[in-house]
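Working notes for the structure below.
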Protein chains: 2
Amino acid sequence: MVRTESTGSGRTATLSDVARLAGVSIATASKAINGRDEVAPATRRRVLEAAEQLAFTPNQLARSLLAGRTGTVGLLTSDLEGRFVIPILMGAEDAFGAGQVNVFLCDARGDAIREQHHLKALLNRRVDGIIVVGRQTDPRPSLGTLPVPVVYAYAPSDDPDDLSITPDNRAGGRLAVEHLISCGRSRIAHISGDPAYAAARDRLLGVRDGLQAAGLELVGDAMFSVWSEHWGRDAAAMLLAQHPEVDGIVCGSDQIARGVLDTLRDLGRRVPEDVAVIGYDNWEVLATNSRPELTSIDANLQQLGRTAAKRVFTALDDERRSGTEYEPVRLVIRGSTIPRR
Amino acid sequence: MVRTESTGSGRTATLSDVARLAGVSIATASKAINGRDEVAPATRRRVLEAAEQLAFTPNQLARSLLAGRTGTVGLLTSDLEGRFVIPILMGAEDAFGAGQVNVFLCDARGDAIREQHHLKALLNRRVDGIIVVGRQTDPRPSLGTLPVPVVYAYAPSDDPDDLSITPDNRAGGRLAVEHLISCGRSRIAHISGDPAYAAARDRLLGVRDGLQAAGLELVGDAMFSVWSEHWGRDAAAMLLAQHPEVDGIVCGSDQIARGVLDTLRDLGRRVPEDVAVIGYDNWEVLATNSRPELTSIDANLQQLGRTAAKRVFTALDDERRSGTEYEPVRLVIRGSTIPRR
DNA sequence: TAACGTACCGAAAAGCATTTCGGTATTTTC
DNA sequence: GAAAATACCGAAATGCTTTTCGGTACGTTA
């Protein structure tokens, strides 16, 4: 691979190279390139030709230094592996990418020291704002007061003075149960994941909200353990042994729901005719490949990412908001609650 | 939220603020902070105290401008959603994060225009290098000659003068079949995904390599369609109807393998006693939640990302390599090929 | 023709940190 | 006590772009 710059010197061309080649001053070259109107058309043409020939691209570093804004944002995640982080990241990148903003990605791997290290690096690079994306909806430690706006996404900050955006898990739990009720179910159970997660507790609150509003009660106790397919299978077996009358199951995740579907199939229960099942997260690859396909609650994470991006922007100009915003969730109906045709 | 800088003016402190407060020149302040030794201990202390008091952090923009290197790298992906991109991204971020390098993340969403746009932005920001991560192992269009080193990860460039790093799918296919053979299987079939993918074709080549080396032939034709669990179920049903003697199945993906396991279970075949099944990708959430757990081929994508990062670095100093490097894959053995205990 | 206006261009400062090199002040040595 | 060496500090250049403001040169008007 050979470098093919036309400056000859091997450097990338600078504005003064362009000016020299075009036979004008640096100031004039700048104006010509940036479309300012104090330049004669013929001069502008000469400059643009020179810029083209040298493959000139303006140095953003110099620009940013002057402007006091870099057009960059730091995206500080605690765990890239987690599948909740990615859609948020996509949404943010998307919202920024449409403008002139670029994103610095930093993965702290759940380590506070590393996070502090990354934070410092971002501030040194003079990012215009920071989005902190957590992997759980449990509150996380605030970064404290920084010279740039900070928005917490998914995992809210534990400081109410910070601005946080997190999905409305309680509304999601309620939405799920309301859907089952609207499908004519009244003997509804709840199988969820790790009760140490706020997500699990909040969804249960929503489920109870929905049941209470309809004058119903949960069948058996809410079942908690871990967020796995195995647990879904085991829990469903236990549930059906103790409460064979159950006709609807709200699951805490799609993985759990997949396990539940497996057990129901093994036990000869038809889904959704005998038992309707609803998952949570709308993890497409799981939800659309099960038998039957899985109705689920979608947290609109990509939208959440876009909202976070927008807030960082508006915080740049306007006043800063604070407190926790709950993003709405939505129901995605598939065959596990409503028979196909 | 209140800003609490001590410059008073609301700006972030600059080196000259520190110098003024410490009663020294800017040059001396710089030396004191950067640990140069031409500074008297007492002076250094004064400067450091002033820097502390003002919460001074050196402006990387100014530094980069001077140094000619920014300590940033562009990560240009075509599809963040794809689950192959994330581990590579993590590996790269990890490798860089250990140094002083930060990553600009750009998602082109599979759109060439957007990619060009992002590329230009990265060059304007004077990144020191670029990693291009594709979502398939099929060759992709080269970005052409750029003033910074470029490494293509996962999807190799179609220009042999570029440096590409991609997983060795052929070796993976061979590894899978060799494992089945070592498990005593000799009537082996292959169910894979979309034949338009180089990954599918390369893996089949590897499967044939392994069979031929053992003097065996594939049972039936290799079966191609799409990368889905549904197809895995359907294909397995067809396969067993035509070739009930099959005792080993190499699957083109873990999703397909999950479908295959489902069908085998429905048909009363024991896994691995009657039929051994091996997947591909080692997608943990699928592989460890199936019944039985799924043996699979892991492409070491995180390692691939780290290698790509390293190559960008070395290309900065050393000569540039070119051509396509094939990263080794590895076998992860679970219950679908070897009975537990 | 003199005075004025317009159109265009260029010098220079600003943004911030680093580094070189020249210059004091202090210490050491003869 | 004078010369040399040392230790420490500061002015200024560097990197690159943008913007302001002062200055030509030309054309226009009275």
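Just so it is clear: chains get the letters A, B, ... in the order the sequence lines come, proteins before strands, and each one is counted from 1. Side-chain atoms are counted along with the backbone in the values below, which use heavy atoms only and exclude waters and symmetry mates.
- Taking the salt bridge (charged side-chain N to carboxylate O under 4.0 Å, His left out) definition, one finds that A/Glu49 meets it with nothing, sequence neighbours left out.
- Checking B/Ser142 against B/Asp162 by side-chain atom types alone, a donor-acceptor pair falls below 3.5 Å.
- Helix-axis bend for the helix from C/dT1-D/dA30 to C/dC30-D/dG1: the local axis fitted to the five terminal pairs at one end deviates from that at the other end by 60°, rounded to 10°.
- For B/Ser25, the side-chain hydrogen bond (donor to acceptor under 3.5 Å, both in side chains) criterion is met by B/Thr28, not counting sequence neighbours.
- Take the nearest nucleotide of DNA chain C for B/Ala62 and for A/Val24: the residue whose nucleotide is more 5' is A/Val24.
- In this structure, A/Arg125 has no salt bridge (charged side-chain N to carboxylate O under 4.0 Å, His left out) partners at least two apart in sequence or on a different chain.
- Toward the 5′ end of DNA chain D lies the nearest nucleotide of B/Ser25, the other residue of the pair B/Ser25 and B/Leu61 mapping further downstream.
- Residue pairs meeting the ring-ring contact (aromatic ring centres under 6.0 Å, His included) criterion with at least one member in residues 102-125 of chain A, sequence neighbours excluded: A/Phe104-B/Phe104.
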Which pairs, protein N/O on one side and nucleotides 18-20 of chain C N/O on the other, fall under 3.5 Å?
from: C/dT18; atom 1: OP1; to: B/Asn34; atom 2: ND2; distance (Å): 3.2
from: C/dT18; atom 1: OP1; to: B/Arg63; atom 2: NE; distance (Å): 2.4
from: C/dT18; atom 1: OP1; to: B/Arg63; atom 2: NH2; distance (Å): 2.7
from: C/dT18; atom 1: OP2; to: B/Ser30; atom 2: OG; distance (Å): 3.2
from: C/dT18; atom 1: OP2; to: B/Asn34; atom 2: ND2; distance (Å): 3.3
from: C/dT19; atom 1: OP2; to: B/Arg36; atom 2: NH1; distance (Å): 3.4

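- Applying the side-chain hydrogen bond (donor to acceptor under 3.5 Å, both in side chains) rule to B/Arg83 yields the partners B/Asp281; only residues at least two apart in sequence or on another chain are considered.
- Listed by first then second residue, pairs satisfying salt bridge (Lys or Arg N to Asp or Glu O under 4.0 Å) with a partner in residues 91-116 of chain A read A/Asp94-A/Arg306, A/Asp94-B/Arg109, A/Asp94-B/Arg114, A/Asp107-A/Arg109, A/Arg109-B/Asp94, A/Arg114-B/Asp94, A/Glu115-A/Arg140, not counting sequence neighbours.
- Applying the salt bridge (Lys or Arg N to Asp or Glu O under 4.0 Å) test to residues at least two apart or on different chains, none of the pairs has a partner in residues 143-160 of chain A.
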List, with names and distances, any nitrogen or oxygen atoms from the protein found under 3.5 Å away from nitrogen or oxygen atoms belonging to nucleotides 23-26 of chain C.
none

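- A/Asp37 places its CG atom 14 Å from the C1' atom of C/dC9, with the value rounded to the nearest Å.
- Between B/Ser16 and the phosphate of C/dA17, there is no side-chain N or O to OP1/OP2 separation shorter than 4.0 Å.
- Atom CG of B/Asn59 is separated from atom P of C/dC16 by 7 Å (rounded to the nearest Å).
- Contacts of B/Phe56 classified as ring-ring contact (aromatic ring centres under 6.0 Å, His included), with partners at least two apart in sequence or in another chain: none.
- Across B/Thr324 and B/Pro156, no two heavy atoms sit closer than the pair OG1-CB, 4.2 Å.
- Rounded to a whole Å, the CG atom of B/Leu65 is 9 Å from the P atom of D/dG15.
- Considering only the side chain of B/Thr43, D/dC9 comes nearest among C/dC9, D/dC9, C/dG10.
- With sequence neighbours excluded, the residues forming a ring-ring contact (aromatic ring centres under 6.0 Å, His included) with B/Phe96 are B/Phe313, listed by chain and number.
- We find that CD of B/Gln60 is positioned 14 Å from C1' of D/dG15, with the value rounded to whole Å.
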